[in-house]
Amino acid sequence: MKRILVIEDEKNLSRFIELELTYEGYEIGQAYDGREGLDLALNQEWDIILLDLMLPSLSGLEVCRRIRQVKATPILMITARDSVMDRVSGLDSGADDYIIKPFAIEELLARLRAVFRRSENEAQLSHQTSFSYRDLVVKKESRQVLKGDREIEVTKREYDLLLAFMENQNIVLTREVLLNKVWGYDTEVETNVVDVYVRYLRNKIDGPGDDSYIQTVRGTGYVMRS
């Protein structure tokens, strides 16, 4: 049975979520302010955390950031605000997805299923020992990068960035997502560092006149597309 922690200060909404998710077979824990929610999140194991953006004592964004410093538990942010900056702030602080109040229970269930699928896919990828794309091969156990029969020397950061692309082929990755995957949720570096390291990688893996392994998606980020 999957365990879900609901951190929501609106008790009627929290109770509604609890009843619906319990009916669907989930085990539910509840907290009504940021500090209590953070304590439960850090000291117990959960399969996902539903986290309200606006909380007393400690904001949802701060709770999310502090969880991300020590745990990778999936977080679905709940917000009553329908602005781009609120959604971006939630995702940048480490949330995996968001849902806007008021929402139908069917939408919440669908988003939970989507987050669980991504988590399961990531778990499977963590057990995969090598990835290939065109004539490029990345071996996780030895941290080797091979192009054909030639080994390419890369730094740790370049390797982590390349692995992120290899693990997410055909998925457009934003600079913010890459920053979180490679540098960590609590990093203070700017997103343009991603562009710098993509350029480093291209200089090492791309051949003269060949199409780049890592394609730029203008205004969004990058993709390794087969």
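These numbers come from a predicted model, not from an experiment.
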Would you mind checking if [Y] and [X] are paired as a salt bridge, meaning a charged N to carboxylate O distance below 4.0 Å?
X	Y	result
Asp96	Arg111	no
Lys2	Glu24	no
Lys101	Glu10	yes
Arg35	Glu62	no

- Take atom CG of Asn12 as the centre, draw a 6.0 Å sphere, and report whether it contains more than 12 heavy atoms from other residues, nucleotides or ligands.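 No, CG of Asn12 has 12 or fewer neighbouring heavy atoms, counting only those of other groups under 6.0 Å.
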
Can you see which heavy atom on [X] is nearest to which on [Y], and at what distance?
X	Y	result
Gln30	Leu5	N-CD1, 4.0 Å
Pro56	Tyr32	CG-O, 3.8 Å
Tyr222	Leu178	CD1-CD1, 4.1 Å
Gly94	Cys64	C-SG, 3.7 Å
Leu173	Ala164	CD1-O, 3.9 Å
Thr216	Arg202	OG1-NH2, 2.9 Å

- Given the rule in the side chain to side chain contact (heavy atoms under 4.5 Å, CB included) test, do Asn192 and Arg175 qualify, once you have shown the distances and angles that lead to the verdict? CA-CA 8 Å; Asn192 61 3; Arg175 291 170 177 81; over 6 Å; no

- Query: What's the verdict on salt bridge (Lys or Arg N to Asp or Glu O under 4.0 Å) for Glu167 and Lys140, showing C-alpha distance, side-chain angles and the deciding distance?
  - Reply: CA-CA 11 Å; Glu167 289 181 336; Lys140 289 179 68 174; 3.6 Å; yes

Between [Y] and [X], is there a side-chain heavy-atom distance shorter than 4.5 Å?
X	Y	result
Leu201	Val198	no
Val138	Tyr159	yes
Arg199	Val196	yes

Rounded to the nearest 0.5 Å, what separation is found between the [atom1] atom of [X] and the [atom2] atom of [Y]?
X	Y	atom1	atom2	answer
Ile214	Tyr197	CD1	OH	14.0 Å
Lys181	Leu161	NZ	CG	11.0 Å
Lys71	Arg66	NZ	CZ	15.5 Å
Met1	Ile28	CE	CD1	9.5 Å
Met77	Ile49	CE	CD1	10.5 Å
Leu112	Ile48	CG	CD1	5.0 Å

- Task: Could you walk me through whether Leu109 and Arg113 pass the side chain to side chain contact (heavy atoms under 4.5 Å, CB included) test, one step at a time?
- Result: CA-CA 6 Å; Leu109 292 171; Arg113 289 192 295 268; 3.7 Å; yes

[X] side chain to [Y] main-chain N or O, any donor-acceptor pair under 3.5 Å?
X	Y	answer
Arg3	Glu45	yes
Glu158	Glu153	no
Trp183	Val194	no
Lys147	Ile152	no

Positive for side chain to side chain contact (heavy atoms under 4.5 Å, CB included) with [X], one of [options]:
X	options	value
Leu53	Ile78, Ile100, Leu61	Leu61
Phe131	Asn168, Leu163, Leu136	Leu163
Ile7	Leu55, Leu38, Leu50, Asp52	Leu55
Ser57	Asp9, Asp33, Val63	Asp33

- Message: Using the rule given for salt bridge (Lys or Arg N to Asp or Glu O under 4.0 Å), can you reason through Lys156 versus Asp160, listing the C-alpha separation, both sets of side-chain angles and the distance that settles it, and then say yes or no?
- Response: CA-CA 6 Å; Lys156 179 184 183 302; Asp160 291 340; 2.9 Å; yes

- Query: Does the salt bridge (Lys or Arg N to Asp or Glu O under 4.0 Å) test come out yes or no for Lys11 and Glu18, once each step is laid out?
  - Reply: CA-CA 10 Å; Lys11 293 190 177 181; Glu18 178 197 19; over 6 Å; no

